[in-house]
Amino acid sequence: MRALLVQGCDASVLLVSANGTAERDAAPNKPSLRGFEVIDAAKAAVEKSCARTVSCADIVAFAARDSINLTGQAAYQVPSGRRDGNFSLDQDALNNLPPPTFTAQQLVDRFANKTLTAEEMVILSGAHTVGRSFCSSFLARIWNNTTATVDTGLSPAYAALLQALCPSSPNAATTTAVDPTTPAVLDNNYYKLLSLNLGLFFSDNQLRTNATLNTSVNSFAANETLWKQKFVAAMVKMGNIEVLTGTQGEIRLNCSVVNNRSSVAAPEIHHYYSGSTASIKEIATS
């Protein structure tokens, strides 16, 4: 999701910079954004079977879809035909990705910049039901310098557990599950936790304290099926943001670097937005 809020679905977050100034090097992404090797492996397999045809951007979209289905049994179709961007800047990530310190209005405004509604922001925030966070993302909620302090929107008991895990000067590598009860399952538990003051980030709690956003929170807490239906629809919408097609961009041969022009002597096959729903495995073995 973070990658799509920068330049859209163009795989720019996968590019590596020799001087550490690519999107993946920006503070919101490093070191929390991982799994690049999974995309690289998928791309290598696809290139063996279907060279210079499937973009890294499409593989990212397919991987997101497959992971959502694996963790939440929520299947959906993803259009294919995206092409890859050929530049990546850390400043773009800093300027576009919402930090965990954002207020409700800042969250709404940031998502609106990418044509996403306030409700869709709440829907997509439910992705916090899976994954882990470094202490630095919530340290200010439990410590005031070296003095223990608890954000009023955080359960004191939960804060005590977090303080034990993350002292005021924590190990930089320490992480905790964002959803402490079902951390590996894509479900609506994130919304249920918010009402108990168990939202890990300040920005999570903002969804509860804002009356308009909290209406959506309560709705999704009560109806997991509804949330999943809206979640996959929002993911498809995100996958359509600022997409490159036709002769725009390129189809990278290696997801971490732009193509060397001399290595693409043969014409690339220009795939336009279609309705392919094949999984990465199916593409690689077809």
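One-based numbering along the sequence shown.
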* **Min side-chain heavy-atom separation Leu97-Asn29 under 4.5 Å** => yes
* Are side-chain heavy atoms of Arg82 and Val78 found at a separation under 4.5 Å? -> yes
* Determine, step by step, whether Arg252 and Asn86 satisfy the side-chain hydrogen bond (donor to acceptor under 3.5 Å, both in side chains) criterion, reporting the C-alpha distance in whole Å, the side-chain angles of both residues, the deciding distance to 0.1 Å, and the verdict. => CA-CA 9 Å; Arg252 285 184 222 141; Asn86 51 22; over 6 Å; no
* Indicate yes or no for a side-chain donor-acceptor contact from Tyr191 to the backbone of Val122 under 3.5 Å, with no hydrogens or angles considered. => yes
* Asked: Cation-pi between Arg141 and Phe201: NZ/CZ under 6.0 Å from ring centre and within 45° of the ring axis?
  -> no
* Expected output: side-chain Arg208 to main-chain Ser195 donor-acceptor under 3.5 Å -> no
* Would Thr182 and Asp179 count as having a side-chain donor-acceptor pair, cut-off 3.5 Å? -> yes
* Test item: Arg65 and Val232 side chains (from C-beta on) under 4.5 Å apart, heavy atoms -> no
* To do: May I ask you to decide if Thr175's main-chain N or O and Arg132's side chain share a donor-acceptor pair within less than 3.5 Å?
  => yes
* Between CD on residue Gln248 and CG on residue Asp10, distance to nearest 0.5 Å -> 10.5 Å
* Asked: Is there a donor-acceptor pair closer than 3.5 Å between any side-chain N or O of Lys230 and the backbone N or O of Thr225?
  -> no
* Quick one: do the Asn210 and Gln206 side chains pair a donor with an acceptor below 3.5 Å? -> no
* Asked: Side chains of Leu193 and Thr181: does their closest heavy-atom pair fall under 4.5 Å?
  -> yes
* To do: For Asp187 and Thr129, run side-chain hydrogen bond (donor to acceptor under 3.5 Å, both in side chains): C-alpha distance rounded to whole Å, both residues' side-chain angles, the deciding distance at 0.1 Å, then the answer.
  => CA-CA 7 Å; Asp187 55 21; Thr129 192; 2.8 Å; yes
* Quick one: are Trp227 and Leu186 in side-chain contact, heavy atoms under 4.5 Å? -> yes
* Please tell me if the side chains of Leu194 and Asn214 come closer than 4.5 Å, counting only heavy atoms from C-beta onward. => no
* Asked: Is the backbone N or O of Phe220 less than 3.5 Å from a side-chain atom of Asn188, with the two atoms forming a donor-acceptor pair by type?
  -> yes
* Asked: Would a distance-only check, ignoring hydrogens and angles, find a side-chain to backbone donor-acceptor pair under 3.5 Å from Glu47 to Arg52?
  -> yes
* Stepwise salt bridge (Lys or Arg N to Asp or Glu O under 4.0 Å) check, Lys237 with Glu120 -> CA-CA 10 Å; Lys237 181 176 178 178; Glu120 287 168 335; 2.9 Å; yes
* 4.5 Å side-chain heavy-atom contact, Ile142 and Leu154 -> yes
* Cys166 backbone acceptor or donor facing Trp143 side chain under 3.5 Å -> yes
* **Any donor-acceptor N/O pair, Arg24 side chain to Thr21 backbone, under 3.5 Å** => no
* To do: For the residue pair Asn145 and Thr147, confirm or rule out a side-chain donor-acceptor distance under 3.5 Å.
  => no
* Under a 4.5 Å cut-off applied to non-hydrogen side-chain atoms, are Leu198 and Asp204 in contact? -> no
